[in-house]
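Notes to accompany the following structure.
What's counted below: heavy atoms across the whole structure, side chains too, no hydrogens, waters or symmetry copies. What you are looking at is a predicted structure, and each value in this text was computed from that prediction instead of being measured. Below, chain A is the first sequence line, B the second, and so on; all start at residue 1.
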Amino acid sequence: MQNDVQLLEVANGKPVKMWTVGVPVEPEAREQLQMTAQMPFIFRHMAVMPDVHLGKGSTIGSVIPTQGAIIPAAVGVDIGCGMMAVRTSLTASDLPEQLGPLRSAIEQAVPHGRTPGARDKGSWNTPPETVDAMWASLLPGFSRITEKYPRLKNTNNHKHLGTLGTGNHFIEVCLDEADRVWFMLHSGSRGVGNAIGNLFIELAQADMRQHMVNLPHRDLAYFTEGSQHFEDYVEAVGWAQDYARRNRMVMMQNVIAAARAVITKPFSAEVEAVNCHHNYVQKETHFGNEILVTRKGAVSAQKGQLGIIPGSMGAKSFIVRGLGNEEAFCSCSHGAGRTMSRTQAKKRFTVADQIEATAHVECRKDEDVIDEIPMAYKDIDAVMHAQRNLVEVVHTLRQVVCVKG
DNA sequence: ATGTCC
């Protein structure tokens with residue numbers, strides 16, 4: 001039963017296996033995938049998820065297995081970006097009739113893109129003690145990195161910990177199929193991860209020039225295993241991923257605390273909890289080999305492992321359980337995937353369209369969020385069907401509150 | 001996505 005996989009053969013390269021039956025794949029994304037698949041250190045084949053679309057640096061919704069080399073622009077600058085979700089003991093009837101105050105409480109508790117009064121965009125003026133403690137746990141690793149790369153010291157590291165960021169980073173209150181209340185959020189490694197990503201992308205491009213390596217595209221610049229830059233990047237990217245995971249943990253604690261101040265009924269949180277990256281690289285074993293797996297807009301889906309696949313604003317989201325499909329390097333999609341660029345979406349749709357599409361969600365509906373309109377994304381049901389042999393659905397969530405960065 | 005040393 002391999003009729004769920006579409007094969008893209010690549011001249012002078014490894015094949016690309018795509019779990020995209022019944023969903024559109026842009027020609028530009030195919031071309032980008034074929035370029036990446038030509039790199040000699042790709043291990044066996046590339047795997048492509050049904051939310052695939054053209055990305056900067058590498059294709060969103062792709063899994064890039066490599067042996068003996070690593071491509072920093074494939075991970076990109078939003079290192080460790082991912083999702084966290086927790087199920088609470090609350091049900092829909094425990095939520096207040098008016099959800100505006102709950103949204104305001106969350107907006108107050110977590111600095112985000114438009115937090116008024118923040119000295120820098122969306123950061124703490126003075127981080128709370130819980131953030132200080134979390135930063136203390138990250139500091140030894142950071143010091144090892146900045147000893148070699150001192151320019152990384154000058155980043156918003158400590159005061160960005162526990163903050164949301166901007167763009168498509170969001171916090172939601174959701175209900176599942178049994179009307180149970182979940183909190184869910186999407187964020188990454190903020191300014192410091194961005195600085196680490198950019199620094200090593202520059203270093204890789206400089207290495208390519210120094211060794212006169214010709215590439216199909218400059219974003220395929222890589223480090224070779226055994227080199228100092230390779231070892232340093234593996235350390236730094238791993239640290240940024242740890243920062244991102246803890247960033248989500250801090251925010252979730254503060255979202256729960258904010259909700260407790262608004263919702264009168266006592267409740268327990270983290271009845272079920274999931275915290276997963278969808279933009280990262282790590283060492284894994286596949287087909288009996290220790291390799292590096294870069295997931296760019298893709299989630300780990302080892303057998304039994306829980307993951308999160310968010311839909312667009314106003315659409316369904318899913319808590320999923322991995323089926324451990326080895327051909328896909330045990331991966332699944334990270335969302336619905338865009339069908340049009342943010343610029344196209346802003347041209348095509350109006351504020352009125354966005355108000356209609358998100359009528360059932362307590363959220364912003366201004367012109368700055370039109371690019372997140374559900375119609376700019378692929379049909380999430382088709383995306384889930386295309387990856388039915390990668391993950392099974394455990395919970396289906398719908399948003400009732402959404403805070404955008 | 002982030003920061004504003006482009």
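Distance check on atom P: B/dC6 versus B/dA1 gives 23 Å, rounded to whole Å.
Relative orientation of the A/Tyr233 and A/Phe200 rings is tilted, given thresholds of 30° and 60° on the angle between their planes. Between A/Phe267 and A/Phe183, the two ring planes are tilted [angle within 30° to 60°].
Residue A/Arg190 places no side-chain N or O under 4.0 Å from the OP1 or OP2 atom of B/dA1. Between A/His169 and B/dT2 there is a side-chain N or O to OP1 or OP2 distance below 4.0 Å. Taking 4.0 angstrom as the limit, A/Thr166 places a side-chain polar atom (N or O) nearer than this to OP1 or OP2 of B/dT2.
Between A/Lys17 and A/Asp4 no salt bridge is recorded (no basic side-chain N to carboxylate O distance below 4.0 Å). Taking the charged nitrogens against the carboxylate oxygens, A/Arg30 and A/Glu26 have no contact shorter than 4.0 Å, which rules out a salt bridge.
One atom, CZ of A/Phe200, and another, P of B/dT2, lie 20 Å apart when rounded to the nearest Å. Following rounding to the nearest Å, A/Ile201 (CD1) and B/dC6 (P) show an atom-to-atom distance of 18 Å. Between the CD atom of A/Glu202 and the P atom of B/dC5 there is a distance of 16 Å, given to the nearest Å. One interatomic measurement links the two molecules: CG of A/Asn156 to P of B/dT4, which rounds to 8 Å at whole-angstrom precision. To the nearest angstrom, C1' of B/dT2 lies 15 Å from CG of A/Asn168.
Out of B/dG3, B/dC5, B/dA1, the shortest distance to the side chain of A/Asn154 is found at B/dC5.
A/Asn198 comes within 4.0 angstrom of nothing in the nucleic acid, heavy atoms only.
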